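The next block holds one structure in the form of structure tokens; read it before the comments.
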Number of protein chains: 2
Amino acid sequence: MSVTIYDVAREAGVSMATVSRVVNGNPNVKPATRKKVLEVIERLGYRPNAVARGLASKKTTTVGVIIPDIASAFYAELARGIEDIANMYKYNIILCNSDKQPKKELTLIETLLEKQVDGLLFMGPRVTDEHLDLFRSASVPVVLATTIDPGCQLPSVNIDQRQAAYDATRLLLNHGHTRIAFLGGPLEEFAGLSRFQGYRQALEDAGVPFREELVQIADYRYETALKRMAHFLTLPERPTAVFATSDEMAVAAIHAYQDAGFRVPEDVEVIGFDNIRLASMVRPTLTTVAQPMYDIGAVSMRLLTKYMHNEKVTDSLVFLPHTIEIRGSTRAESKTAVATR
Amino acid sequence: MSVTIYDVAREAGVSMATVSRVVNGNPNVKPATRKKVLEVIERLGYRPNAVARGLASKKTTTVGVIIPDIASAFYAELARGIEDIANMYKYNIILCNSDKQPKKELTLIETLLEKQVDGLLFMGPRVTDEHLDLFRSASVPVVLATTIDPGCQLPSVNIDQRQAAYDATRLLLNHGHTRIAFLGGPLEEFAGLSRFQGYRQALEDAGVPFREELVQIADYRYETALKRMAHFLTLPERPTAVFATSDEMAVAAIHAYQDAGFRVPEDVEVIGFDNIRLASMVRPTLTTVAQPMYDIGAVSMRLLTKYMHNEKVTDSLVFLPHTIEIRGSTRAESKTAVATR
DNA sequence: CTGAAAGCGCTAACAT
DNA sequence: ATGTTAGCGCTTTCAG
């Protein structure tokens, strides 16, 4: 079969311990010996077996990452941040797609734990008690990204969703709108609810009455949002502005209005959420709440490495700043760029 | 520490071999014994150690997937196909991003091999001899997707890139265009070159002279393509149609023309490549060469499972059919839907 | 149907 | 600086 550390040892006339030392960069090896071993390794094409290594050392240098949807631009960008930092710290990543299905999430966590990952980075719409139990049953650190557990016990990296939604709504209010539609995500989900709350709060603070008929819930996707928009367009009092909690939905909002003969931003203003690349790839370009996606990924992975290396962590609950990226789907008057925390 | 198979065995009053059998669904266990063991497993919260299992069995039920860019919609969709089939066959996936960097690709392959993956699914712009050597040094099966090695020795799943580009160019030619711009990807890459060849061939077959100044190379991305488009717009004889080899670039082409005061498709026709969701999320919607992305992923993973299970493979070189999705960026006259192979 | 025992390839004390 | 020796937790013959 393939060449093992033992073969190298024999061939180099040393013990396997010595080979192990040179492979692992242990300095306690005489340069001459190291050279000889290295040469044999090269000649034999020896490739250390990470599985055996993992069993013996109880470390796999692998972390599990659970992502709701890898085909979503938002999470893909997050994944890049995660990956870059993981590589920087010499960790490999097992990336798993959960499709936001709680059952699949749980299975995935279980599987990753069986694989003895050194840490877990979890993204999901909700963190339930079942999740918490599983996490606790593991002896590895867990970090949440773009989500948070009800008790805030687990370390997590987020933006202030509520405030971000508040700021977006505020921008529209500042432009004089009173019929601002909210095209949001499921209220059972952490982000969905927080953003809805931010929207309501902004209305309330501005003394603008909240209206049930100005709220539609979709799944963050273009196609679904397009359908929901039909509702707004049939309203006797059509909304004059739309706050969509994803960029795809915002683009759908724009198209729905355009198809009905309205101009954006002249007749209707639209603001999105996330600031994925799509926001710059449509006309008009999209004004949107910019989440530092890459950074959220990077920071959460960095946080995880700290836990894995038993470093001291001062802030286990991280909130990254958001901004509002003003583009073409809102009118130019205001140049408000709001940043929080 | 955590509970092992040995703890379960002791607690259940059986040998670890028996526990192993029930965990692995071996039928040679008396139902009563199985029940007892299962109960102890449940009670102790036993979780099999996949690393130990992998060392003992020499199987990790894990496959390595190397992807050029997970943040690209095209590859993300492919990844979904890969994942779904992998799950179906009980394999986990280690997803790695190579950023199209040959050096990173090689390191990644090496790392995955060290982790003892049961198979490798490789996507990359080029398969060099170095790649081939590494693959050969491994004792695990390798399947290529959306790429092919020069000697066609490795199994692979693709569409007929050349023919697809030919068909796209043909559509434009059929509409009477003689100045068709080609906005393509790097010619050093397999897909980039094939598509360029298809474009040239179509021109030649139609007796339309090829012109150097109608070719621009970009990196498939919107931003870059936008810059390249500037060239076409300054030409004394502007192209009247654009064949862009990615949807992002096609959208850039549309915007470039629109910004210059032209209408699409009335003044200029544009056709893209891939048929990612973006193609339906812009106005006008994008006519494009549709690649069965999900299927390419799914089929390549299925192929890999066959190799991993030592099943007989009749077709190691798979070409999936492509179509042309007619939408709003080309004129309606022709309803040509071309399918090949 | 079940148990005993020998590894899988490597790390990590512990000696020397 | 290097070698010896136990395991790591599990699968897998081989007996019985």
Side-chain angles (χ1 to χ4, degrees), chain A residues 1-38 40-41 44-62 90 111 113-118 138-140, chain B residues 1-38 40-41 44-62 90 111 113-118 138-140:
Chain A
M1 267 297 295
S2 61
V3 14
T4 74
I5 200 173
Y6 185 73
D7 301 322
V8 176
R10 188 169 20 76
E11 196 76 11
V14 298
S15 75
M16 42 188 294
T18 299
V19 178
S20 175
R21 287 191 187 95
V22 347
V23 168
N24 292 293
N26 184 316
N28 289 344
V29 181
K30 192 162 53 175
T33 315
R34 155 167 291 121
K35 184 159 172 296
K36 185 173 54 183
V37 170
L38 249 19
V40 173
I41 285 179
L44 265 43
Y46 168 66
R47 177 179 297 141
N49 181 327
V51 172
R53 214 197 274 228
L55 183 58
S57 69
K58 295 174 169 297
K59 293 209 172 322
T60 55
T61 62
T62 302
K90 305 286 179 204
T111 306
L113 258 19
E114 287 182 5
K115 298 240 183 211
Q116 312 299 118
V117 293
D118 293 341
S139 44
V140 300
Chain B
M1 268 296 295
S2 59
V3 11
T4 73
I5 202 174
Y6 186 74
D7 300 322
V8 177
R10 188 168 20 77
E11 196 74 11
V14 298
S15 73
M16 42 188 292
T18 300
V19 178
S20 175
R21 289 193 187 94
V22 346
V23 168
N24 292 294
N26 184 317
N28 289 344
V29 182
K30 194 163 52 173
T33 314
R34 154 167 291 119
K35 185 159 173 293
K36 185 173 54 184
V37 171
L38 248 20
V40 174
I41 285 178
L44 264 44
Y46 168 67
R47 177 180 297 142
N49 181 327
V51 172
R53 216 199 276 232
L55 183 58
S57 69
K58 297 173 169 296
K59 295 212 172 319
T60 55
T61 63
T62 303
K90 304 287 180 206
T111 306
L113 258 19
E114 286 183 5
K115 298 239 183 212
Q116 312 300 119
V117 293
D118 294 340
S139 45
V140 300

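Being a predicted model, the structure only gives us computed values, none of them experimental. In the text below, chain A, chain B and the rest are named by the order of the sequence lines, each starting its count at 1.
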As a quick check of understanding, evaluate side chain to side chain contact (heavy atoms under 4.5 Å, CB included) for A/L55 and A/V51, giving each step before the final call.
CA-CA 6 Å; A/L55 183 58; A/V51 172; 5.8 Å; no

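If you check every strand for non-hydrogen atoms under 4.0 Å, A/V51 touches nothing. Nucleic acid contact class of A/N49 (heavy atoms, under 4.0 Å, all strands): sugar-phosphate only. Within the nucleic acid shown, A/V23 has no heavy atom closer than 4.0 Å to any nucleic acid atom. Using a 4.0 Å heavy-atom criterion, one finds that B/S57 contacts the sugar-phosphate atoms exclusively.
To the nearest 0.5 Å, atoms CD1 (B/I5) and CZ (B/R53) are separated by 8.0 Å.
B/K35 has its NZ atom 18 Å from the C1' atom of C/dC1, to the nearest Å. Put simply, CD on A/Q116 is 17 Å from P on C/dT11, counting in whole angstrom units. Rounded to a whole Å, the CG atom of B/L55 is 13 Å from the P atom of D/dC8. Rounded to whole Å, the distance from CG on A/N28 to P on C/dT16 is 18 Å. As a whole-Å value, the separation of A/N26 CG from C/dA12 C1' is 11 Å. One can place NZ of A/K58 at 13 Å from P of D/dG7, the figure rounded to the nearest angstrom. Atom C1' of nucleotide C/dT2 and atom CD1 of B/I5 are separated by 14 Å, given to the nearest angstrom. For the pair B/R47 CZ and D/dC10 P, the computed distance is 12 Å after rounding to whole Å.
Mapped onto DNA chain D by nearest heavy atom, B/A17 and A/K30 fall at different nucleotides, with A/K30 at the one closer to the 5' end.
Close to C/dT11, at under 4.0 Å from its OP1 or OP2, lies a side-chain N or O of A/R53. Between A/Y6 and C/dT11 there is no side-chain polar atom (N or O) within less than 4.0 angstrom of OP1 or OP2. Look at A/S15 and you won't find any side-chain N or O under 4.0 angstrom from OP1 or OP2 of D/dT4.
For the pair A/V14 and A/V37, the tightest heavy-atom approach, listed with the atom from each and the gap, is CG2-CG2, 4.1 Å. B/Q116 and A/A50 get closest at one heavy-atom pair: OE1-N, 4.3 Å.
Although no hydrogens or angles enter the test, the distance criterion places a donor-acceptor pair under 3.5 Å between the side chain of A/N26 and the main chain of A/N28.
With D/dG9, C/dT2, D/dG3 as the candidates, the nucleotide lying closest to the side chain of A/V14 is D/dG3. When distances are taken from the side chain of B/T18 to each of D/dT11, C/dC10, C/dT2, the shortest belongs to C/dT2.
Checked by distance alone, B/R21 brings a side-chain donor or acceptor within 3.5 Å of a matching partner on the base of C/dG3.
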